[in-house]
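Protein chains get the first letters and strands the later ones, always in sequence-line order, with residue 1 at the start of each. These numbers were taken from a predicted model, which means no experiment stands behind them.
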Amino acid sequence: MSGSSKVDEIKTEPMGLVRPEFPVDVGEIYEGERVRKPDMYLEFGGMKVEKKWELALSRPADQVEDGKVTVIGPNLPDLEPGGSYPIGILLEVAGAKVEKDLEGVLERKIHYFLNYIEGVMHLNQRYDIWIRITKKSYQKGLKSLVYIGKILAWLFKSSFPVIEKVQVTIYTDKAKIEELFPMAMDVWDKRDTRTRTLKDEDVDDFYACVMCQSFAPTHVCVITPNRMASCGSISWFDARAAYDVDPKGPNFPIPKGECLDPVKGIYEGVNKVAQEKSLGGIESVSLYSMFDHPHTSCGCFEAIAFYIPEVDGVGVVHRDFRGPSINGIPFSIMAGHTGGGTQNPGFNGVSVEYLRSPKFLQADGGWERVVWMPSQIKERLKDAIPENLSEKICTEAECKTIEELKEFLKSKNHPVVSRWETKEVAEEEIKEEALEVAPPVSAPMSIEIPTQGGFRIILKNARIVAEKVIIKREKK
Amino acid sequence: MTSRKSIHFKLDKLKSNLAEIDGLEVSIGKIMGEEWEEPFGPTPCPSLATLREWDLKLLKRYKPFYLPYCDVCCLCTMGKCDLTAGKRGACGLDICTQQSRIVLLACCIGAATHIGHARHLVEHLIEKYGRDSPIDIGKSVGVDIQAPVTRLVYGEKPETLGDLEEVLDYVENQVTQLLASTATGQEGDKIDFESKVFHAGMIDQVGMEVADMAQISAYGFPKADPEAPLVEIGMGVIDTKKPVILVIGHNVPPSVEIIDYMGEAGLSDSVEVAGICCTSIDATRYNPRAKIVGPISWQLRFIRSGIADVIVVDEQCIRTDVLIEAKRTMTPVIATAEKNCLGLTNRTRDPADEIVADLVEGRALGALIFDPEKVGEVAVRTAMLLAPKRMKFKVIPEAKEIVEGAGKCAQCRFTPCMRACPNNLPIREAMEQAAQGDLEGLSNLYEACIGCGRCESACTNELPIHSYIIGASEKRIREERFKIRAGRGAIQDVEIRRVGGPIVLGEIPGVIALVGCANYPKGGNEVAEIAGEFAKRRYIVTTSGCSAMSIGMYRDEDGRNLYEVYPGGFDAGGIVNVGSCVSNPHIAGAAIKIASIFAKRKLRGNYEEIADYIHNRVGAVGIAWGAITQKAASIASGFWRLGVPVIVGPHGSKYRRMLLGRKDRKEDWYVYDARTGDKVFVGPCPEHLFYAAETKEEAMVMAAKLCMRPNDTPKGRMIKLAHYIDLHKRFYKVMPDDLHLLVRTEADLPITMKDEVMKILAKKGWKGNVIPDPTLLPRLVHVKEGKRDEQ
Amino acid sequence: MSNEPWQMGEIAGPKKALIITKPSVVVGMVKKAKRALMVVGHEISKYDLGEESAIDYMIRIAETFKIPIVATAHTVSEFVKRSCYPIWWMSALDIANRLQDPEWEGLDGKGQYDLALFIGIPYYMEWTILSGLKHSAPNLKTISLDRYYQPHATWSFPNIKIDEWFTHMKEILGQIVEK
């Protein structure tokens, strides 16, 4: 059957915003629906299928027929139930304000929108997709991929006002799918190159995200091409698209304004928005430093970059790492110092994706400052870690204590080691300063008053006005 | 942690190497905790009226609607007083105030029960493990904020079992003060009574938290473990070939000692320990080999089945006629709690041999033993010796006997059996059918029967109707073989962090907490159906107690058990069994921790601010579908004061008053925008604080609606609306009529329903609104410099 | 015997519902009322009348009386199935709570009601709701149309059998139509 040149084409009138009739329900409530094997009518893509893809492309208006849905290859009733089949989904959109940069955002929406369909499960993206359709929905009438195309067209049109025309082509013809695959790969390559090479300097506007203000009322996330939102869910492209869709919503542009410090990433415009949205709590934000006015966090950051004073280096620990980090403190406790919309020098809540950024903690030394991270995340980032540093960054597999870490770094001649000598000097200076600036107090005094029952009250700095009294149980 | 008791002392003369003191007088009002740098909030250890202003804010929006359950008052010798419709009693009280007073009385009973339970546990565990035994309910898996409720209310973080005693001193004192205000000639205002009800609930949460922290820490229960083991539940899972010990109640030490004794005596494989009610949940947390028979309503049926060779009762939710029932099957009863002595002789000081002999030989119906260790030994040895003699003697009749018995049914014209039944079950018809040899009618009553036995008391011919229902359902009971996830305890801080993103991004619509007892209008399956529906919709479903059991005792349309289908993590689509009744504060605690984790709000003694945060931001709703007891009332009231709405089943209307919002009164739904100080309309979110639903369908629609909060992001509101609209359309077959009150901006609209909803909004003349940084407290409004307004 | 509460423990206080001995009482009450409404709960579907449906009967009665129906819980779905519009829906507690508020604007914005007929809410829940209204809504009269004695209503049928109840309903309808 496969390889047939069957074409099902439904040319409808231009896609309106009014909900068309579908044989199955379509709604946000189906988003988390899982389709298990016994309930499955058939599947497209997945492990058993070599070539499968989905792709969104922006086209000139004259190349898109609004509302057109075409199925090339066998349609659902032509396929054996229970089987796994190749698929290609091509979404073509046009609109005066539809830019090439929007393609990636739209493409990822295919995942969400297919999941809105009752009895349809969609996983992954690009060349890795996996779609299952339930027996129930098939029996209910979801017997043509044309419906799926129509649903996609309608949802794209309803969600993105910038889209003026949309057409969907669904390929099930194996030969066609393979034929178009290199083209898709080429699009993704170019898109990735663009994403990777786009720098903060290249754009005029950053974006703010205040979605988390619903729980962290003074936190604002600054999203730039080189800094993804701390939650790891919203890139600069996403934020820009979200703003287009809902201009009054929680994502809005931040005109960069003057760059006050290109190394630390301090921008006049960012400071202004941070001051305003934090209600005056935050004066200034350094996008690329964890020491000087670091970026704030809500609570849902994926990882924490934390300072390890003993080695003058930076550790990174992610949320799913169980057990203590190299400094003996688990993620959950450090997270307490990191979140809540306040600046806590030495702690920086970040997305894992930000670790891939060329500006990752650039003011603090970037990757050259990173000394420890869990092996799981190191593995995930292996292509992002500079090659010469990879073996110098320690994980929980190599060291458990700071002392071991010190030895490790020394033995690998990690770049931070060269900072140690200069640092020792600096530290002494700091100590002296600290003594000087300490608030003048009356000479520390401690009165021990014996009481009954094996307790001893120690009054320190006894003002005897309450509140500062500490009672300690005598150690047995 | 240290005491907050004030200290006052004088030193006339002190000579030491360091100093010489003469005539020193020291007066200390409050003493700070050791090694906890967090400063005190404004209200550590609140007394009765400390949080009154917060209560009044809530009660202004959610006014009590009184449903008097009794028109008279009979609490003093001037009565009975007729309080009908505006009449005042001899003391001056009116009917509404009397209802509030009774609610407070109920909540004091509930709080006292948990606190008394906690006190007993803590004392026992200190004796066994020492005062310095550490509190650890999951430190190793990142439960950094332990004891959130205690921190919030009492203002300290307990580190050892000994620390818990001081917390209990405080809560016991509060219950006494609260109880005092119900005396004749005391509090005279209904709203002030309601405020005290909230106080009782808050205090109760502390008491429960203490109890569960103590037992988790000392007994090594699962510590915030999403993968707590699946354990067996149902009458069909009990191995009736073995001697069986049945434990009933809530206070687990005797059960623990039974399990330990079995282990030490090498009898773990030879004896079955099965339980009813929370003590069985806690026994499985101690040892996953223990088994759960079922919720509170399974008592009569299991005792009468004769499967138990010994019954051990501790405290709470135990049928008070347990001794009478057990006598019929020749099962001895061991009572173990001072609160519940059952008229038995105190044998605590007698040698175990003697007690065992008396019980085995039938010289005593039971024994009162206060020493849990001795209970362990006596129960196990008695069961071993008695089982072969008893031969599982039962009083559940065989089919033939039922048919014969039903033939004696007088078919009374006014059906006293049906009219005695809380659920109005058609008993007479079933008996008529049975008399003709068809037991299906009786068997059909099984699901909705709450096992109260009132039908038997009402029967003019004294027929054992409940036993007939059970006997007719024999096959079904044999098939009661299910799984339940053992109570996991607290929610990890990291789990809360992980769901923050999905909640603001609209991937998790809310938290549904299914808690409470088993007085269900149509059976426990309804609770499971609610749980399954919301888990499928990717809500976070939490549960505890009898509700957690009912969720387990169910198979969905595909024959699957919900605990096997849905994971136990605090995440989208999880069904999270926190444990027994006293585990409920872990659910409240999760809400409290959100404020600490995401907004860095201080918890210590900072109740009002945190409650305001939760009420305006945390989309959680409790459902106590079969709430029965005074404990359930006080648990609910602990949630109300935090601003978390609670839905009860139709029987819950007997709790004497509801706390209802009025969505038609626009003026009730304004909050301050903390950013600007402006008053902003936010719609009825959440619409009610305490609400009895007539049907499970209504409860589900309302629960979805009650998850909305003023702070919802557009994406968050979108998914909440999508579920609310979908459930409404599914069960009511019509669109909701209040969407114009719930939609703030067009971005709130679910894309798939946009055109349909926009049409409705246009008809209603809808105009958009800003999404504020919501608070009910003017003092939390920021002024320009980032300082807080002192209004 | 018949004027005892259906659920035997649910005894009322000193003020008990008057018993509806003749259906004309109901007709008279509704005619006398300035503004009346009917509240229908989900147990209406338990009224098994064989061929006929109790809901249809309630609709006919309400239509003939020209009074609005408020369907509680998910009962509204039954009315929607019959395309019975306009129908109001509200939870049992919400409608009761509004009925005791003298300021309430009514379903149609024209003010509070002075008579409410109840049917089909679970006995014990209707019992508590009628109790609430008895005590807190002095200007409201309530009628229980159920076939069980509801002591907290102003007027209630005694405990009667289904066929007897149905006869009463037919008479009510007949009498309104006649008049």
Side-chain angles (χ1 to χ4, degrees), chain A residues 17-19 26-29 31-33 38-39 116 155 158-159 211-219 231-233 245-246 248-250 278-281 298-301 319-320 322-323 330-333 335-336 339-342 445-449 451 464 466-473, chain B residues 2 11 14 16 18-19 26 28-32 34 140-144 492-494 496-498 500-501 503-505 507 536-538 572-573 594 596-600 617 674-675 711-716 718-719 722-723 726 745-747 750-756 773 782 784-786:
Chain A
L17 296 178
V18 176
R19 179 184 177 125
V26 180
E28 287 79 356
I29 61 156
E31 208 178 310
E33 192 186 20
D39 306 327
Y116 285 1
L155 286 173
S158 314
S159 311
M211 231 181 286
C212 284
Q213 288 208 342
S214 70
F215 290 99
T218 57
H219 166 68
C231 60
S233 302
V245 172
D246 180 15
K248 287 184 197 153
S278 70
L279 301 162
C298 50
C300 45
F301 39 85
R319 198 166 54 198
D320 294 327
R322 291 283 164 88
F331 175 89
S332 60
I333 291 185
T342 54
M445 179 175 81
S446 135
I447 309 174
E448 299 187 7
I449 300 156
T451 58
I464 318 190
E467 286 197 88
K468 275 284 175 186
V469 179
I470 297 174
I471 297 194
K472 279 193 175 172
R473 192 165 288 132
Chain B
T2 47
L11 272 182
L14 175 82
S16 77
L18 190 72
V26 179
I28 299 165
K30 200 170 279 178
I31 299 169
M32 231 175 104
E34 190 180 354
S140 68
V141 291
V143 180
D144 181 36
Q492 299 171 14
D493 298 11
V494 170
I496 291 170
R497 284 185 190 281
R498 214 174 278 139
I503 288 173
V504 299
L505 291 167
E507 287 156 18
K536 194 175 87 190
R537 290 171 182 267
R538 319 269 301 152
I594 290 175
S596 165
I597 285 174
F598 291 100
K600 259 200 172 159
R617 294 173 204 269
R675 292 185 202 114
N711 72 318
D712 290 340
T713 59
K715 282 184 175 173
M718 181 200 281
I719 194 73
H723 287 286
D726 181 71
T745 80
E746 271 193 50
I751 302 159
T752 56
M753 303 168 175
K754 204 166 181 175
D755 44 325
E756 196 181 0
D773 176 11
H782 292 264
K784 271 261 160 74
E785 298 74 26

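For B/P714, the part lying under 4.5 angstrom from a heavy atom of chain A is the side chain only. With a 4.5 Å cut-off on non-hydrogen atoms, B/E746 does not touch chain A at all. At a 4.5 Å heavy-atom cutoff, the contact between B/E507 and chain A is made by side-chain atoms alone. Looking at B/K536, there are no atoms closer than 4.5 Å to chain A (heavy atoms on both sides), in backbone or side chain. Interface remark: A/S278 contributes no atoms to any contact with chain B (heavy atom separation under 4.5 Å). Only the side chain of B/I503 comes within less than 4.5 Å of a heavy atom of chain A; its backbone N, CA, C and O stay farther away. Within the 4.5 angstrom heavy-atom criterion, atoms from both the backbone and the side chain of B/I751 approach chain A. For A/R322, the part sitting under 4.5 Å from any heavy atom of chain B is the side chain, from C-beta outward, and nothing else.
Considering all non-hydrogen atoms of both residues, A/L155 and B/T752 come closest at CD2-CG2, 3.6 Å. Shown here for B/K600 and A/G336, the closest heavy-atom pair between the two residues is CE-O, 2.8 Å. The two residues A/M211 and B/T713 make their nearest non-hydrogen contact at O-CG2, 3.2 Å. Smallest separation of non-hydrogen atoms from B/A599 and A/F215: CB-O, 3.2 Å. Across B/F598 and A/C300, no two heavy atoms sit closer than the pair CE2-N, 3.7 Å.
Atom NE2 of B/H723 and atom CD1 of A/I29 lie 6.5 Å apart (nearest 0.5 Å). Distance CZ/B/R537 to CD/A/E31: 13.5 Å, rounded to 0.5 Å.
The side chain to side chain contact (heavy atoms under 4.5 Å, CB included) check on A/S332 picks up A/P330, B/D144, B/D493, B/V494, with sequence neighbours excluded. In this structure, B/R675 has no salt bridge (charged side-chain N to carboxylate O under 4.0 Å, His left out) partners at least two apart in sequence or on a different chain.
Interface check for chain B: of the options A/T218, A/V245, A/D320, the most heavy-atom pairs under 4.5 Å are formed by A/D320. Comparing B/L505, B/V143, B/I496 by how many heavy-atom pairs each has under 4.5 Å with chain A, the most go to B/L505. Chosen from A/D246, A/I333, A/D39, A/T342, the residue pairing most often with chain B at heavy-atom distances under 4.5 Å is A/I333. Residue with the most contacts toward chain B among A/P217, A/P38, A/C231, A/G341: A/P217 (heavy-atom pairs, distance under 4.5 Å).
Side-chain atoms of B/R617 come within 3.5 Å of backbone atoms of A/S214 as a donor-acceptor pair (strictly under, hydrogens ignored).
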